[in-house]
Amino acid sequence: FLGEKRLIGSFFGSAKLQYDIPTYIDMYMDGRLNLDDLVSKKRPMNEINEAFVDMQAGLVARSVMEPVG
């Protein structure tokens with residue numbers, strides 16, 4: 001038991017992306033999956049360097065980069 005260790009890789013766990021991603025989107029759009037509270041800050045893409053500084057300094061947990069247009 002103690003000597004038989006294995007490392008098994010996975011890609012998105014056992015998710016079925018063609019089914020799961022649309023389901024997550026529907027849940028978010030219906031208000032059943034709260035992702036907004038996970039975002040610490042939103043920034044335009046041209047502030048990418050500042051976003052990295054904030055991340056490295058531990059000022060944010062997650063930043064969302066928005067396209068500039």
Side-chain angles (χ1 to χ4, degrees):
F1 173 73
L2 295 175
E4 296 183 22
K5 297 177 184 164
R6 294 186 296 161
L7 179 62
I8 300 172
S10 67
F11 182 72
F12 286 104
S14 59
K16 295 173 183 68
L17 297 181
Q18 291 179 333
Y19 170 79
D20 291 338
I21 298 299
T23 301
Y24 297 147
I25 291 170
D26 289 341
M27 290 172 65
Y28 175 76
M29 297 301 287
D30 292 342
R32 295 182 291 139
L33 182 62
N34 182 8
L35 299 176
D36 296 330
D37 289 346
L38 300 176
V39 176
S40 302
K41 193 168 193 172
K42 293 182 181 181
R43 288 182 171 271
M45 191 62 75
N46 60 359
E47 294 182 12
I48 186 78
N49 293 329
E50 292 88 344
F52 271 104
V53 169
D54 286 351
M55 180 183 64
Q56 290 172 334
L59 299 175
V60 296
R62 290 176 184 86
S63 292
V64 171
M65 304 309 296
E66 298 177 323
V68 177

Practice task
Could you note down all residue pairs passing side chain to side chain donor-acceptor pair (under 3.5 Å) where residues 50-69 supplies at least one of them, sequence neighbours left out?
Solution key: Arg43-Asp54
Practice task
Please check if Met29 and Val64 belong to a single hydrophobic cluster, counting links between Ile, Leu, Val, Met, Phe, Trp and Tyr side chain heavy atoms closer than 4.5 Å.
Solution key: no
Ignoring hydrogens and angles, write down the donor-acceptor pairs under 3.5 Å from the side chains of residues 16-28, residues two or more places apart or on other chains.
from  : atom 1 : to    : atom 2 : distance (Å)
Asp20 : OD2    : Lys16 : N      : 2.8
Thr23 : OG1    : Tyr19 : O      : 2.8
Tyr28 : OH     : Asp36 : OD1    : 2.8
Tyr28 : OH     : Asp36 : OD2    : 3.4

Completion exercise
Note: Ser40 and Ala61 closest approach over all heavy atoms is OG-N, 2.9 Å
Exercise for the section: Could you tell me which non-hydrogen atom of Pro44 sits nearest to which non-hydrogen atom of Met65, and how far apart they are? Expected result: O-CE, 3.3 Å
